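Okay, structure first, notes after.
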Amino acid sequence: MRRPTEEKQESPKAKSGKGKAQRASKKSTRGKKAAIAIESHATPSKSIEALVAPESLSIAIKPQVLNKALSSVLKSVADLVVPFPKDIFLPALGGDSDSEVPGAPSEPIYTAVQRANIQGNILPGFNKDHQHFLFFRIRNVKRAKLWLRWIAPFISSMDEVLAWVRAFRSLRRRLGVDPPMCATWVNIAFSHRAIALLAGKADAAGFHDQSFRQGLAARSTYLGDPTDKRNPGHRSRWRVGGPKNEADIMVIVAADDEEDLATRVDLIKARAAGAQLKLLFEQRGDNLPGALRGHEHFGFKDGISQPGVRGKVSSAPGDFITPRYIDPADPRARFFAKPGQLLVWPGQFLLGEPRQATEDLVTAASSPLSVRPHWAALGSYVVCRRLRQDVPAFWKFAVRAAFALGISPVRFASMLVGRWPSGAPIMRSPSADNAALAADDWANNHFLYGDDTRPVGLRPIAGYAGDGFTQAQQDFLGNVCPHFAHVRKSNPRDVATDLGKPHDTMLRFILRRGIPFGPPLLGAKRYTSLFARKERGLMFISYGATIEDQFELLTRRWANSPLQPNLGGHDPIIGQRDERGDRDRYIDFPTPSGPRRIKMKEDWVIPTGGGYFFAPPIAAIADVLGA
Amino acid sequence: VALVTRFDTPASVRDAPVGSAFYTQWHGFVAGALTTVNGSGTGSGSKFYDASEIDVTPIAQHTLTWMAFPRQLLIANRDDRRVAFAAADAVPATRSPQNEYCEWWVKRNAAGKITKVVFVAETPEYWQQLWTFSPTLVRDLYRALLGNPAITEADLRAGGPGSAYNKFNAFNTTQGIVHFIQSINTLGAAIGLARGSVSLGSQRDNYEMSPVAGTSVDPRVVMDIGSLARKSLAITFEEPIGLYIAGYDDTGFSKPSGAPAGNYWKIVRGAPGRILRLEYEVPAGEGFVVGDIRIGGRPIEWGSQLAEHVTCRIGGIAGSAGR
């Protein structure tokens, strides 16, 4: 359905004496010659806020009550226990032949050469407990090239990471705990300047992503970062990636074992020093310990919803990069890998590969050759953001607002996120956290917003009893999972957006590969103000085929906007806003008596560094950039 | 009060003298366009209704937002935004690419730099009705909006004296802008789209449909109203009925000095959140023009670069249907 292509006649039925009205009008304006004065006025910068302005929430709480509640909340979140299911049997090699969907479009098969060429943190992702980020500046191009030829064989490919991940996943499902397997992996990415230095300006100009060519520092305020130089989040104060400390090369080292990690990092640093690569900054990242493993510092499980990348590892039936679990008889098997995980063509993340079409969920569109140097095929743009998290500020806000609303702080904070701390989606468990739901990978991401969610048929999975949790009921208006909730902002799923259909939303998906840094405050034995002030946060890492239309669009157009993709407030987790120094944001929080506007004046996620990079195909590291 | 006794003008503008018959005329026009229809398919039990005829107690307000910049151009130029920007500005005589219920006009100086961009969200029907009421009033409004006292009624006519209003007149195309001229940017089309969306068929969710449309606004309306219809609700547009500019985002806009750009937006018609005419121009005395401003480090070369940061809206009301 669409609007007509030709203008409609402007003469609908007249019901109210049109002729009479016309006669009257002539009379009333006869002889009227006075000029009309148009009075314009500066648009209030928050114009929509004036239009849809629910009553503000009045917040008042005594400091001692706040502190007591805060410490109780921090403890309760840290004490969370999510039982990991066991005795589920998944294949360690290849896939299940019965996961092929008859009539589905054929997906690209990645040959051994291609699999060895794609960096492993793009696909399938490192997801290691310990990671170390090194940021270098090139001072001597010739020596840098020697170093690149040295490090190239260390770069971990999709092939080796995927083989390891499959074995690990299979064992973990069977045992219910992490199997004693260890690996150490390395990936690398380059700034636009680095590519110009190493491969020449012509090749660098061949990268059409304008944001990549500009760099993160140049785009910082466009992303809503602070414009005031006194603000700790201003780019001039960044630990790396500011106007005066932009990195040329980012190396990511990942390991299961901390000693293995340190050994590999030390080796790379030593060789880099010999190559006159200036180490601008380094950042250790670690998954949070114990029950909070996989959670970010505010306490919420992170990284649950990732796009399911289409493509196969071999021509063997069912040998998909992303395992398929939907019963092929269910029509949704054509566009979901598992419940809630949409299938996306690999060209959304790997340059040169078939990418998502814009008008339907299933078909692919070709990627043009002209948007990159020929050698960049199978590479991916990387966004790195070092985001400091002020955990006390976030939870104090939650406690204060929750007290005013008369609900629990954890419930309030979970509505900001869209998931409970365990990762259980609010949409499927509106009134309380549900650890069993959170632990069920085939249920914890299966929900729609606009309409009731229907059960989905699954292929038989040995040892898995099925999704017996209550299905999500429609929440079109955002009363259960509010429009501002972080997960709904970042992925509005089935609902239309300011950019069109849900199909358009799929063009915005990114592969998230972040990891926390700094000591956790949650679960800390001693809560002192000094310890509370220690730096902690998230090393946000994402991969995609465009920075402008994926990461930047998600950030600026959706997270930072109270209007988009649906009206209701800013993303209270990652949303940034800076209109001429005004950083106030708000949410319109749903309550039984209507929404209440809650303003957010403090920043609890503060950008402190990063960069825009390109992760090339592995062969290009030595053969092009190091040549 | 649920029942609308008189449909107001868009954003309640008072172009004609208060109390004049024009407001009755406009009410009649809107009521005529708002035919009540009952939904079908999974939306049976729903309806799109004329709020001046049917009393429905609203239970929800829903704001439908979309980007002013044409999706069609973004899709056709996925890998080159500059081509899309140039194309969106390229046809001032018909503004044919600007099909998202927002159109704009760009003014440049002798050096080719942009000095002003004017966005409108005014339907041709409103201006046609106003012309029917009083051509002189339309002429005076053109003069005031464009700051040009030399505009005559003859400039706005299709032919000689007594001939019809020509919406493609020079002051609404190449030399200025007052209201929509793009062929599908009409109030009638918007109402028709919404009305048709209560009878979509058997879809149970949006993954079971893919409206064929190049725009952002069409699937937005079809899917949002379709979703409300699946809940057997009665749906209509919020009063005052109109297509509006909801707001804009100029974070990351910077002056030639690198400092954040000032608030150079002006609502010229309408009200905050219900903007009909929005102008972007750097005040004299700042020492630079719009074309010197950078958005995220990129100079403004086309008016369409601003359109990417302008959001449009229409308000929807849903209530218990009854039949």
Side-chain angles (χ1 to χ4, degrees), chain A residues 1-8 10 12-16 18 21-22 24-25 28-29 35-38 40-45 47-48 50-51 208 214 218-219 221-222 224 227 358-361 368 371 448 450-451 476-477 494 496 498-503 561 563-564 567 577-580, chain B residues 17 20-22 24-25 27-28 31-33 60 63 65-67 71 75 79 125 128 132-134 136-137 140-141 144-145 183-184 186 188-189 193 196 204-207 210-213 216 218-220 222-224 227 230 246-247 249 251-252 260 263 265-268 272-273 296-297 311:
Chain A
M1 175 167 305
R2 59 166 299 156
R3 285 179 280 162
T5 53
E6 295 301 323
E7 186 178 340
K8 292 183 67 170
E10 298 167 10
K13 62 182 167 127
K15 296 195 290 187
S16 56
K18 192 172 176 181
Q22 284 173 354
S25 74
S28 69
T29 56
I36 294 171
I38 299 293
S40 63
H41 50 280
T43 304
S45 57
S47 62
I48 194 70
L51 177 73
H208 276 215
Q214 291 179 267
R219 299 290 278 176
T221 58
Y222 182 79
T227 56
T358 56
E359 303 303 327
D360 81 71
L361 297 168
V371 301
L448 304 178
D451 289 281
F476 181 77
L477 296 170
D494 56 308
D498 55 310
L499 301 174
K501 301 181 262 197
H503 313 58
S561 167
L563 305 181
Q564 293 137 196
L567 186 82
R577 170 177 172 270
D578 194 297
E579 282 187 26
R580 292 166 276 281
Chain B
S20 87
F22 173 71
T24 309
Q25 178 189 329
H27 164 78
T63 298
T65 57
W66 63 91
M67 175 159 64
R71 173 183 179 272
I75 295 299
D79 304 293
E125 290 99 323
Q128 183 67 53
T132 308
F133 174 72
S134 168
T136 309
L137 177 60
D140 289 348
L141 283 166
L145 290 169
S183 63
I184 59 173
T186 67
L193 185 69
R204 292 166 292 182
D205 60 54
N206 285 340
Y207 288 135
S210 180
V212 178
S216 297
D218 284 47
R220 173 62 138 178
V222 171
M223 289 182 146
D224 279 9
S227 186
R230 286 194 287 275
D249 183 0
T251 52
N263 185 4
W265 301 90
K266 279 184 182 170
I267 295 176
V268 177
T311 298

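In what follows, chains are A, B, ... by sequence order, proteins preceding strands, each numbered from 1. Being a predicted model, the structure only gives us computed values, none of them experimental.
A search for side-chain hydrogen bond (donor to acceptor under 3.5 Å, both in side chains) contacts involving Asp224(B) returns His62(B), Arg220(B), not counting sequence neighbours. By the side-chain contact (heavy atoms from CB on, under 4.5 Å) test, Thr251(B) is found to be paired with Arg556(A), Glu579(A), Asp249(B), residues two or more places apart in sequence or in another chain being considered.
When the candidates Thr221(A), Asp451(A), Asp578(A), Leu361(A) are compared by the number of heavy-atom contacts under 4.5 Å with chain B, Asp451(A) comes out ahead.
What you find for Gly500(A) and Pro219(B) is that their closest heavy atoms are CA-CG, 4.1 Å. The shortest heavy-atom contact between Leu477(A) and Ala60(B) is CD1-CB, 3.3 Å. For Glu359(A) against Pro211(B), the heavy-atom pair with the smallest separation is OE1-O, 4.3 Å.
Interface residue Gln214(A): only side-chain heavy atoms are found under 4.5 Å from chain B.
Rounding to the nearest 0.5 Å gives a distance of 5.0 Å between CG of Leu499(A) and CE of Met67(B). Atoms OG and CG, on Ser216(B) and Asp498(A) in that order, are 7.0 Å from each other to the nearest 0.5 Å. Between the CD1 atom of Ile75(B) and the OG1 atom of Thr358(A) there is a distance of 4.5 Å, given to the nearest 0.5 Å.
Between the side chain of Gln564(A) and the backbone N or O of Thr311(B), no donor-acceptor pair lies under 3.5 Å.
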